[in-house]
Amino acid sequence: MDNYQVLIVEDEDVTRFSLRNLFEAEGYQVFEAVDGETMSLMLMQHSINLVIMDINLPGKNGLSLGRELANNKNLGLIFLTGRDSDIDKILGLEIGADDYLTKPFNPRELTIRARNILSRIGQTPSEDDTKDTIIKFNQWTLDSNSREMISPNKKVLAIPRGEYRALRLLIKNSGQIVTRQELIKEMTGRDLRSNDRTVDVTIRRLRKHFESSPETPELINTIHGEGYRFVGTVEKG
C-alpha cells in the first residue's frame with residue numbers, strides 16, 4: 001500500500017483516537033487536528049492526501065473549512081456528521097466533499113470509502129483519458145489536466161472531483177443513459193445506497209454551471225427511474 005497521509009479533524013477525543021488507531025492499522029500515516037487552525041497547520045507541514053472531518057467543530061465548522069479545501073484536486077475529503085441530516089449531507093456534497101458518513105458508522109465501511117477515494121486521487125490516467133485531455137461541447141471546454149471547465153464567455157470554473165468524474169462519464173456516453181449506479185461508482189468507487197442523494201446533488205451542481213450561461217441549452221436530461229443522459233454536442237477531433 002502507498003504510504004498515504006490522512007488527517008483526522010475531530011474535537012471529540014475518543015472518536016479522534018479511535019479513527020487514528022483504525023487508519024494506522026490500515027497502514028496509513030495519520031495526523032490529528034481538533035479545529036480549523038490546527039488543520040491548516042497540519043496541511044502546511046505535511047503532504048496530506050485525505051481529510052476526514054467532523055462537521056460540528058469549535059470555531060469554524062466543518063462545512064466552512066471544507067469550502068477552503070474544495071479546490072485542491074489532490075486532496076480527498078470525507079465528512080462525518082452526528083446527525084442523519086439530509087441538509088448536512090447535501091451541503092457537504094455541494095461544497096465538493098467526496099463522501100460523508102453518519103455517526104455511528106461501520107469502521108470497515110469508512111476505510112473502504114477512504115481507500116476508494118485515495119485510489120482515485122493517485123490514479124494514473126488511462127489511455128482513454130490521455131486521448132481526450134481537452135473535451136469541447138456546446139462552446140464549453142472540459143480540461144482533464146486541470147479539472148476545469150471553461151465557459152463560452154471564457155470564465156474558468158474549477159470543479160470538484162465528483163462533478164468532473166460524473167460529467168466526463170456522461171460525455172463519454174453521450175446520447176446514452178448512464179444509471180445512477182454507474183455514476184456513483186465512477187465518482188466514489190462505492191455502490192449506490194437507498195436514499196443516497198450524492199448523484200442528484202452532483203448533477204444539480206453541474207446544471208447550475210451551465211445555467212449561468214444563457215446560450216447553453218439543457219445538456220443533461222433526467223431519465224426518470226433510470227438515470228441521466230448527456231444530450232449536448234461533443235466536438236470531434
Side-chain angles (χ1 to χ4, degrees), residues 1-13 15-57 60-82 88-89 91-125 146-147 158-166 184-191 193 196 198 201-202:
M1 177 185 294
D2 293 321
N3 190 24
Y4 289 116
Q5 298 188 3
V6 175
L7 174 61
I8 310 296
V9 187
E10 167 65 73
D11 64 316
E12 291 182 1
D13 292 344
T15 303
R16 191 174 67 256
F17 296 156
S18 296
L19 289 171
R20 179 179 191 124
N21 291 335
L22 175 67
F23 281 94
E24 285 184 337
E26 291 287 316
Y28 299 109
Q29 188 174 3
V30 182
F31 301 92
E32 301 175 34
V34 297
D35 54 24
E37 185 176 350
T38 318
M39 180 192 78
S40 297
L41 184 61
M42 291 293 104
L43 290 171
M44 286 189 293
Q45 292 178 343
H46 306 285
S47 299
I48 303 297
N49 306 108
L50 174 66
V51 174
I52 299 174
M53 180 158 51
D54 186 25
I55 285 181
N56 297 310
L57 293 170
K60 281 188 179 180
N61 66 24
L63 294 173
S64 297
L65 295 172
R67 289 188 180 91
E68 299 173 9
L69 305 178
N71 289 331
N72 188 335
K73 64 181 181 180
N74 297 314
L75 183 67
L77 174 60
I78 297 177
F79 274 129
L80 302 177
T81 174
D88 279 351
K89 295 172 184 176
L91 286 174
L93 293 169
E94 285 191 335
I95 67 171
D98 295 282
D99 214 336
Y100 60 82
L101 271 178
T102 303
K103 299 177 183 177
F105 49 82
N106 184 313
R108 180 64 177 161
E109 182 179 4
L110 176 56
T111 58
I112 290 172
R113 293 195 190 191
R115 188 182 309 128
N116 288 336
I117 292 169
L118 287 166
S119 69
R120 279 159 172 71
I121 292 172
Q123 198 172 65
T124 301
S146 61
R147 210 177 69 209
I159 59 176
R161 186 168 31 255
E163 288 181 38
Y164 163 75
R165 286 184 172 276
I184 196 71
K185 198 74 174 178
E186 177 70 12
M187 292 161 54
T188 68
R190 62 173 170 81
D191 292 327
R193 306 186 306 274
D196 193 330
T198 306
V201 171
T202 301

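These numbers come from a predicted model, not from an experiment.
In terms of heavy atoms, L75 sits closest to I48 at CD1-O, 3.3 Å. Taking both residues in full, the closest heavy atoms of M39 and A33 are given as N-CB, 3.6 Å, listed atom of the first, atom of the second, then distance. Annotation for L69 and M53: closest pair CD1-CE, 4.3 Å, computed over non-hydrogen atoms. Minimum heavy-atom separation, T202 to A166: CG2-CB, 4.0 Å.
Between R16 and L19, every side-chain heavy-atom pair lies at or beyond the 4.5 Å cut-off. Annotation: side chain of T15 is not in contact with side chain of D54 (no heavy-atom distance under 4.5 Å).
To the nearest 0.5 angstrom, I52 atom CD1 is 11.0 Å from D98 atom CG. Distance check: Y4 OH to R115 CZ gives 11.0 Å after rounding to the nearest 0.5 Å. Taking CD from Q29 and CG from L7, the interatomic distance works out to 11.5 Å, rounded to the nearest 0.5 Å. The CD atom of E12 lies 9.5 Å from the CG atom of L57; values are rounded to the nearest 0.5 Å. One finds the CG atom of L101 at 7.0 Å from the CD1 atom of I78 (value rounded to the nearest 0.5 Å). To the nearest 0.5 Å, the span separating NZ on K103 from CG on N56 amounts to 7.5 Å.
Judged purely by atom type and a 3.5 angstrom limit, D11 has no side-chain atom pairing as donor or acceptor with the backbone of V34. The backbone N or O of A158 sits nowhere less than 3.5 Å from a side-chain atom of R147 that would complete a donor-acceptor pair. Side chain of Q5 to main chain of S47: a donor-acceptor pair is present (N/O by atom type, distance under 3.5 Å, no hydrogens or angles). Under a 3.5 Å cut-off, the side chain of R113 and the backbone N or O of Y100 do form a donor-acceptor pair.
Legend: residues meeting ring pair (Phe, Tyr, Trp, His ring centres under 6.0 Å) with F79, ordered by chain and number and at least two apart, are absent.
Between F31 and H46, the angle of the ring planes stays under 30°, which puts this pair in the parallel group of the 30/60° scheme.
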Requested in this report: Kindly indicate, with the supporting measurements, whether the criterion side-chain contact (heavy atoms from CB on, under 4.5 Å) is fulfilled by L80 and F105.
Outcome: CA-CA 9 Å; L80 302 177; F105 49 82; 4.0 Å; yes
Report task. Begin with the C-alpha distance, continue with both residues' side-chain angles, and end with the deciding distance and a verdict on side-chain contact (heavy atoms from CB on, under 4.5 Å) for Y28 and L118. Result -> CA-CA 11 Å; Y28 299 109; L118 287 166; 3.6 Å; yes
Query raised in the report: Can N61 and S64 be said to form a side chain to side chain donor-acceptor pair (under 3.5 Å), step by step?
Result: CA-CA 6 Å; N61 66 24; S64 297; 3.2 Å; yes
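For the residue pair S119 / N116, no side-chain donor-acceptor distance below 3.5 Å is found, with atom types taken as modelled. D35 and T38 are linked by a side-chain donor-acceptor pair at a separation below 3.5 angstrom, with hydrogens and angles left out of the test.
For CD of E24, the number of neighbouring non-hydrogen atoms (other residues, nucleotides, ligands) closer than 6.0 Å is greater than 12.
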